[in-house]
Amino acid sequence: MKEQLEQIKQQAMAALNNAATPADLEELRVRYLGKKGEVTAVLKLMGKLSAEERPIMGQLANSVRAEIEQKLEDRKTQIHASVLEAKLAEEVLDVTIPGVEVVMGHQHPMNQVLDQVKEIFVGLGYQVVDGPEVELASYNFTRLNIEEGHPSRDRSDTFYFNDDDSILLRTQTSPMQIRYMENHKPPLCMLAPGRVFRKDEADATHSPMFHQIEGLVVDEHITMGDLKGALVAIMKKIYGEDSVMRFRPHHFPFTEPSCEMDMQCHKCHGTGEVDGQTCSTCHGEGWIELLGAGMVHPDVLRNCGIDPEKYSGFAFGMGLERMAMGRLRINDLRLIFDNDVRFLNQF
Ligand code: PHE
């Protein structure tokens, strides 16, 4: 019986040394120490021994059992550690692999230009305001002196919402003059950038939606000299101190007198030609149109409850896309709205 126990012990130790997984260990525990296990089987034979032999063999059997239990514990710890090690080796991180770059976006080029323009006007004391894109015809036309039947009211030019043509997508930011003068008394100094809409086919210089920046100054003793001085100073800030400006007479129903302001072409310096070829920037004109402007019509002031005998003012409206195209040398308006990142990344 003693030899039997020694043999079991040796077999168990060898088997435990070879065990590789927690499942192997469990199988061996059942085989040797379980209810029907080999050590248990030997213990069951104890009854057949003499009274002197019994305690000696009992002691031996218990110590074999204890040694196997201890070995099981040791192997369990070792196997657990090696399983963990293998897992960690498998999941190893290579910190030298290049990372995936997170591409940061940036401000749209047109908004860059808009912010620069706003900053200049804010520095001069203008208040920047926002207004509705869905507008009443009374603000967009009537109160701006644009009478019924005026060509700019035509259904082929304007997006109307209803049959009596009283609600529309604003065709200009000039209705903001009325909205501002309704709520503010002179002296006032306002800048209103925003989207405007006209039924135009999109091409290199037209889009059914574009942006205008409206300006309005009303106070006592405002003259055409103030209009010219302010606009020349502002445009030189935007386009550079050496730019050359001119004013041409024009007509707008809501200003009197009215004018347009041009900048001498920076590429051909007003000659319209570059190396004997028609200048591509101004198309041979020598001048680039910047904005429409004029002295606020007395009727418009009256429409807003402002006394034209006491107050006068000037207003102007400029196209933001044209300004961005000029400043950033963009030759096709559609690029501004396509939002192709290959284009946007250039700014
Ligand atoms: N609203 C005019 C346009 O769209 C521009 C303008 C604004 C003219 C203010 C004079 C005064 O052409």
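Start at 1 and go down the list; that is how both ligands and their atoms are numbered. The structure displayed is predicted, hence computed values, not measured ones.
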Exercise. Could you check atom 7 (C) of ligand 1 against the protein and tell me its nearest heavy-atom contact, residue, atom and distance included?
Key: G317 N, 3.3 Å
Quiz item: Counting from 1, what ligand 1 atoms have a heavy atom of S174 closer than 4.0 Å?
Solution: 1 (N), 7 (C)
Quiz item: Would you call R65 and E69 a salt bridge, taking side-chain N to carboxylate O under 4.0 Å as the test?
Solution: yes
Self-check item: ligand 1 atoms in contact with G292 (distance to a heavy atom under 4.0 Å)
Solution: 6 (C), 8 (C), 10 (C)
Quiz item: Which part of F316 is near ligand 1, with near meaning a heavy atom under 4.0 Å away: side chain, backbone, both or neither?
Solution: backbone
Quiz item: Is a side-chain donor-acceptor pair under 3.5 Å present for H269 with Q264?
Solution: no
Quiz item: Is it the case that R153 and T142 place a side-chain donor and acceptor less than 3.5 Å from each other?
Solution: yes
Quiz item: Can a donor-acceptor pair be found between the side chains of H206 and D203 at a distance below 3.5 Å?
Solution: yes
Self-check item: Under-4.0 Å heavy-atom contact with ligand 1, by part of S258 that carries it
Solution: neither
Practice problem: Please confirm whether E260 comes under 4.0 Å of ligand 1, counting heavy atoms of the residue only. | Solution: no
Practice problem: Using the side-chain contact (heavy atoms from CB on, under 4.5 Å) rule, take E256 and N145 through it: C-alpha gap first, then chi angles, then the decisive distance, then the call. | Solution: CA-CA 11 Å; E256 181 61 33; N145 252 357; over 6 Å; no
Self-check item: Protein contact to atom 3 (C) of ligand 1 [nearest heavy atom, distance to 0.1 Å]
Solution: Q212 NE2, 3.8 Å
Quiz prompt | Heavy-atom nearest neighbour in the protein, as seen from atom 2 (C) of ligand 1, with distance rounded to 0.1 Å | solution = Q172 OE1, 3.7 Å
Quiz item: Are R170 and E214 close enough for a salt bridge, meaning some N to O gap below 4.0 Å?
Solution: no
Quiz item: With a cut-off of 4.0 Å, which atoms of ligand 1 are near a heavy atom of F254?
Solution: 1 (N), 2 (C), 6 (C), 7 (C), 8 (C), 9 (C), 10 (C), 11 (C)
Self-check item: Shortest protein heavy-atom distance from atom 12 (O) of ligand 1, along with the residue and atom involved
Solution: F252 CE2, 3.8 Å
Quiz item: Does a salt bridge link R179 with E182, judged by any charged N lying under 4.0 Å from a carboxylate O?
Solution: no
Quiz prompt | salt_bridge(R198, D200) N-O dist < 4.0 Å | solution = no
Practice problem: Could you tell me which atoms of ligand 1, counted from 1 in the order shown, lie closer than 4.0 angstrom to a heavy atom of R198? | Solution: 4 (O)
Quiz item: Going by distance only, is there an N or O of Q177 that falls short of 3.5 Å from an N or O of ligand 1?
Solution: no
Quiz item: How does M318 reach ligand 1, by side chain, by backbone, by both or by neither, if only non-hydrogen atoms under 4.0 Å count?
Solution: neither
Quiz item: Is the shortest N/O to N/O distance between E214 and ligand 1 below 3.5 Å?
Solution: no
Quiz item: Would H221 and D226 count as having a side-chain donor-acceptor pair, cut-off 3.5 Å?
Solution: no
